[in-house]
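Throughout, numbering of the chain's residues begins at 1 and tracks the sequence. Because the structure is a prediction, the values reported are computed rather than measured.
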Amino acid sequence: PIENADEFSYQPPLLPSKVADDGALRRNICLGTQDWEPEDSFYIVTDALAAWFLRNWDAGGKPWVPLRDFNVDTDFATWVDRKRDLNELQNDDTTLVRIDIWSADAPSR
């Protein structure tokens with residue numbers, strides 16, 4: 001997996017939306033195991049947003065903070081436009097999926 005924002009290119013070896021080469025996909029999948037805990041969150045993002053996330057993390061930031069608060073404080077599309085205007089986010093397809101893990105006995109949100 002890509003671990004540094006500088007490793008991104010216009011065609012990074014990531015999971016594509018249209019698979020033309022199954023072998024390339026298999027070569028770039030890395031499986032791991034980890035224990036998930038209640039209140040863990042997972043962010044699935046396209047490459048432009050992943051590069052922004054890693055740059056922010058490398059600079060000592062907490063990139064998950066703005067990503068967890070969409071539809072609360074700000075709209076995702078507005079945030080993306082602002083980051084692109086500031087040249088902090090590449091002008092490329094930008095998608096975010098957040099998955100929150102909750103225990104069965106946790107109160108509904």
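Annotation for Ala48 and Leu89: closest pair O-CD1, 3.3 Å, computed over non-hydrogen atoms. Closest of all the heavy-atom pairs between Arg55 and Glu88 is NH2-O, 2.9 Å. When all heavy atoms are compared, the tightest approach of Pro63 to Pro66 is O-CD, 3.3 Å. For the residue pair Val45 and Leu49, the shortest heavy atom distance occurs at CG1-CD2, 3.6 Å. Looking at every heavy atom in both residues, Tyr43 comes nearest to Trp64 through OH-O, 3.6 Å.
Remark: Phe53 CZ to Asp47 CG distance equals 15.0 Å, nearest 0.5 Å. Here CD1 of Ile101 is found 11.5 Å from CD of Glu39. Values are rounded to the nearest 0.5 Å. To the nearest 0.5 Å, atoms NZ (Lys62) and CG (Leu67) are separated by 14.0 Å. Rounded to the nearest 0.5 angstrom, Thr46 OG1 and Asp92 CG are separated by 7.0 Å.
The hydrophobic clustering, which links ILVMFWY residues whose side-chain heavy atoms are closer than 4.5 Å, places Ile99 and Phe76 apart.
Arg98 has its side chain out of reach of Phe42: every pair of non-hydrogen atoms, C-beta onward, lies at least 4.5 Å apart. A 4.5 Å side-chain heavy-atom check between Thr94 and Arg84 finds at least one atom pair inside the cut-off.
Aromatic ring pairs are classed by plane angle as parallel below 30°, tilted from 30° to 60° and perpendicular above 60°; the pair Trp79 and Phe70 is perpendicular.
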